[in-house]
Every structure is written in structure tokens, then in C-alpha cells.
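Accompanying notes for the structure given below.
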Amino acid sequence: MTRELHLNAIYSAAGGNLGGWRAAGSPELAGVDFPFIARQVRRLEAAAFDAVFIADLLAVPDSHPDVIERVATVNDSLEPITLLSALAGVTSRIGLIGTASSTYNQPYTLARTFASLDHLSHGRAGWNVVTSLIDAEARNYGSDTHLAHADRYRRAEEFLQVVYGLWDSFDDDAFEWDAETGRAFRESAIHRLDHAGEFFRVAGPLNIARAPQGRPVIAQAGASEAGRAVAGRHGELIFSGASRLEDAVEYADDLRRRAEESGRRREDILLFPGLSVIVAPTRAEAEDRYEQLVALTHERVALGDLEYWLGNVDLTVHDLDGPLPEFPQSNQSHSSQARIYETARRENLTIRQFVDKRVRADGIVVGTPEEIADRIQTWFEAGAADGFNVSFPSLPGSLDAFVELVVPELRRRGLFRSEYRGRTLREHLGLDRPVSAHAEAEVEAEVAVATR
Ligand SMILES: Cc1cc2nc3c(=O)[nH]c(=O)nc-3n(C[C@H](O)[C@H](O)[C@H](O)COP(=O)(O)O)c2cc1C
């Protein structure tokens, strides 16, 4: 079978760009405006997008007040699983991927929530596993500081093992619904977990039938050494922040190798680099829209964004025309911080020049439908991407433009499907439905008996 391109939308109601919420046509309180969000997601579904993905943060960040009051996206948004559950009712095919933290949740809760979403949506749920980012989140969950980087990835690893165990609580054929005997399910087809580990003690079983997909799809984005290790073992749909082709290829190769080292197949892991697009029928129009967007990003917000990803530092006390100071490794995203320093060194940038790059939404792809499709095709064919995590700088305009201009061009090239062929998110992505660990153990036991 020929390889098929996938499209996942990173959906942020206020727009993916720092100043996107200020764009003409963007509704007020877009983050909590369900009818508005539902309209956009149904447009994505009409275009046969594989999935919509909702990011999350468990706090209002500690950024400077001048920054906070100008940032809509993270500060005004619905809780992802609640939103996706509502979307499950007004859509029928598009995958629904929600972010949830392994640091500030218990595995029983999340196993139950995502299994429920998978049932509600008839097999369209995905979980973006994050370990969370900042102290402000910790302070909402009983601690002053965020759990240390290495500890939270260890916790994530155990968290996932527990969740998988819970998702396999009921065998697929456990339920009999035998009204005559009065037996709803076979007791032998329900499994306790009795997990006792470093972080969790969970007895199980989970009180819900096995999910339609067996397991909701696991999405992952950690790109530090520890993050890659978890992604290689568990990630099925991998988000990456790489903006250069060679970095994306290196990342894809590394993760596929890690997947193989953990006993998985290369094709069990799909790479989705981010792609932010401004598209218009002509280059001049696209450039014009881009300049309009750039004008909406306040410089203090761009500086604040840089401060945030460097680990909530204060850059205002430094000479903005000097080099980026060497801050110690933060306890936030190791890979994001490292990427900032790599770029600053490679391009020899002052703080002000770096901020200007952020104002100008560096990395955004601006062009005609053909140019955008060229870029997508090049990355896809180079093995840097199995799909893209498309973000829309402002809504509804840039989502409409992508759907109306880029998607038809991708179809003309035979790269993207015209309609859904499957029902579940796994079917859209070409990922196998995982067999329950108990069913696997049974088969192994039968094979052992047969070969004795
Ligand atoms: C496309 C993308 C989306 C992400 N979404 C979230 C998110 O919604 N919430 C979150 O806490 N972290 C999010 N992250 C951060 C990562 O999941 C990860 O926790 C972070 O990069 C720290 O990982 P590292 O130290 O391994 O680099 C995202 C990262 C990427 C690249």
C-alpha cells in the first residue's frame, strides 16, 4: 500500500499565533464558545482530517502581568476532555486527541476518562501524554515546585503501564448479556491489576468495558533524552517541534530506532512535525496576510514567550542588544530550551533579534497552495513526516484557507484522502488495534501447550 499523508489539527480557538486572537473575525471568548469551536471542528471533519488535538496547561502561567493580559490562548480555554466529549456528540469521524498530565493526575482517573471518551466517540479517542511544564501548575496540585524532570518521566512510564493494565481489565468478549441465565459478563474475563510501584498502588479492575480501539491512541511530544525514551516505547503519534527538515529527519530516525529497540515495528510510530500556515491564492496576498498577522503580535508578548520557554526567566534586566544569557537548564521543557540556544548560537542573535523572530512568527510557512503543498510533499517524501500537526495562526480565517486551498491541492497530488475510509482514529492512522495483554498471554499459553 502506498504511504498516506495524515493531517492533525492543533486546535486553539483563539488562533495558534501569539496575536491571532486579535485578528478580524476572531470571536470574543472563542476559547469557551462551543458553537464556534464545533463549527471549526466540523469543517476539519468535512476535509477528512485524521484528528483534532487540544493542548493544555493546568494553570495561568507566572508571566509578567504585561504579558498575561495579552495572551488569550492558554488563559481562556475549555478543559480538553470535557470539550472533546462534547465534540464527540456533534462529529462522527474525526479523531479527538486530548492532552492530559501524568504528573497531576492518577492513572485510574485518566484510564477511565479516555476509555469513556473512546466509547462516547465510537473509537476516536487519543491521549497526548504530557508531564506538565511549570511551577504554577504544581501550585494548583499541592506542591510549590514542579516535579523534577527525571522523576516526572519515570512517573509517566509507570503511569502508562498502569493505564494499559486498566484498559485491559475486561476482555473484548467479556460481556454476554445473557438475560436467561442472568449473567452480564464472565467473571473470568475481568482482570484485577494489583499494581504496586514507585508512584502508584492501583488494584483495578477498571469499571468500564474495553474501549472500542482497545487502547486510545497514545500521542507524545517530549523531545529531551527522557522524553524520547518514553516516546520510543509508547508513542504512536509523535508531535515534534522541529522547524528544519534535517532536524525533523534526525528526530524521525531516532524515534523509529528507539521504537524498534523496544520491540515495536518502525511503522508503529507516526511522526507529526508542527506546521503553521498562511496561504492565499497568490503570493502577494499571502505575504499581505502574513504582515497583518505580524502587526498583531505585541513585542512584550514575544519577549514573554521567550522568557517562558527559557524557564520563566526575566530578560528585561538584561541588555536586549546583547547575546542571550546562559541560564541554567530549566525544569521545564529541556528540548525547547535547548532549541532556543541552538538557534541563537547558529544565527548569532541578540535578545532583541530573537524577539523579532518570534514577532515575525519564525517558522510559519507563507505562500500559495502549490508552495505549501510542495513543502508538505518534500517533508513527507524525505521521511521527516508521516503527517503534520497543522496549526492555524488565526481563526476562522486561516483554517478556512487551509481547508479550501491546501487540502484540494494535496488531493490533486494524490497525497491526501478525499474521504474517510475507516471509522476509528486507529483506522484513519493505519495503526493496529492492540490485543489485550490477557488475550496475548492466553495465546502464548496455548502455543506452549501445542508445541510441547
Ligand atoms: C506540538 C507540541 C504540543 C505540546 N503540547 C503540550 C501541552 O498541551 N501541554 C503540556 O504541558 N506540554 C505540551 N508539550 C510539551 C511536551 O509534551 C513536553 O512535556 C515538553 O516538551 C517537555 O519535554 P522535554 O523536556 O522532553 O523536552 C507539547 C510539545 C509539542 C512539541
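Count residues from 1 along the sequence. Remember, it's 1-based here, ligands and their atoms both numbered in the order they're listed. Values below: all heavy atoms of this structure, side chains included; hydrogens, waters and symmetry mates excluded. Owing to the predicted nature of the structure, the values given are computational and were not obtained by experimental measurement.
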Ring geometry between Phe388 and Trp379 (parallel below 30°, tilted from 30 to 60°, perpendicular above 60°): tilted
Contacts of type salt bridge (charged side-chain N to carboxylate O under 4.0 Å, His left out), residue Glu370, not counting sequence neighbours: none
With Arg266 via salt bridge (charged side-chain N to carboxylate O under 4.0 Å, His left out) - residues at least two apart: Glu260
Ligand-protein N/O pairs under 3.5 Å (ligand 1):
{"from": "ligand 1", "atom 1": "8 (O)", "to": "Asp56", "atom 2": "N", "distance (Å)": "2.7"}
{"from": "ligand 1", "atom 1": "8 (O)", "to": "Asp56", "atom 2": "O", "distance (Å)": "3.4"}
{"from": "ligand 1", "atom 1": "9 (N)", "to": "Asp56", "atom 2": "O", "distance (Å)": "2.7"}
{"from": "ligand 1", "atom 1": "21 (O)", "to": "Ser333", "atom 2": "OG", "distance (Å)": "3.1"}
{"from": "ligand 1", "atom 1": "23 (O)", "to": "Tyr153", "atom 2": "OH", "distance (Å)": "3.1"}
{"from": "ligand 1", "atom 1": "25 (O)", "to": "His149", "atom 2": "NE2", "distance (Å)": "2.6"}
{"from": "ligand 1", "atom 1": "25 (O)", "to": "His334", "atom 2": "N", "distance (Å)": "2.8"}
{"from": "ligand 1", "atom 1": "26 (O)", "to": "Tyr153", "atom 2": "OH", "distance (Å)": "2.8"}
{"from": "ligand 1", "atom 1": "26 (O)", "to": "Ala223", "atom 2": "N", "distance (Å)": "3.2"}
{"from": "ligand 1", "atom 1": "26 (O)", "to": "Ser224", "atom 2": "N", "distance (Å)": "3.0"}
{"from": "ligand 1", "atom 1": "26 (O)", "to": "Ser224", "atom 2": "OG", "distance (Å)": "2.5"}
{"from": "ligand 1", "atom 1": "27 (O)", "to": "Ser224", "atom 2": "N", "distance (Å)": "3.4"}
{"from": "ligand 1", "atom 1": "27 (O)", "to": "Ser333", "atom 2": "OG", "distance (Å)": "3.1"}
{"from": "ligand 1", "atom 1": "27 (O)", "to": "Ser335", "atom 2": "N", "distance (Å)": "3.0"}
{"from": "ligand 1", "atom 1": "27 (O)", "to": "Ser335", "atom 2": "OG", "distance (Å)": "2.4"}

Quiz: residues 236-246 side-chain donor-acceptor pairs under 3.5 angstrom, not counting sequence neighbours:
{"from": "Glu236", "atom 1": "OE1", "to": "Ile218", "atom 2": "N", "distance (Å)": "2.9"}
{"from": "Glu236", "atom 1": "OE1", "to": "Arg426", "atom 2": "NH2", "distance (Å)": "3.0"}
{"from": "Glu236", "atom 1": "OE2", "to": "Arg426", "atom 2": "NH1", "distance (Å)": "2.9"}
{"from": "Glu236", "atom 1": "OE2", "to": "Arg426", "atom 2": "NH2", "distance (Å)": "3.4"}
{"from": "Ser240", "atom 1": "OG", "to": "Ala242", "atom 2": "N", "distance (Å)": "3.3"}
{"from": "Arg244", "atom 1": "NE", "to": "Asp247", "atom 2": "OD2", "distance (Å)": "3.2"}
{"from": "Arg244", "atom 1": "NH1", "to": "Glu246", "atom 2": "OE2", "distance (Å)": "3.4"}
{"from": "Arg244", "atom 1": "NH2", "to": "Asp247", "atom 2": "OD1", "distance (Å)": "3.4"}

Exercise: do Glu158 and His195 side chains pair donor with acceptor under 3.5 Å: yes
From Asn105, Val129, Thr103, Val230, residue fulfilling side chain to side chain contact (heavy atoms under 4.5 Å, CB included) relative to Phe159: Asn105
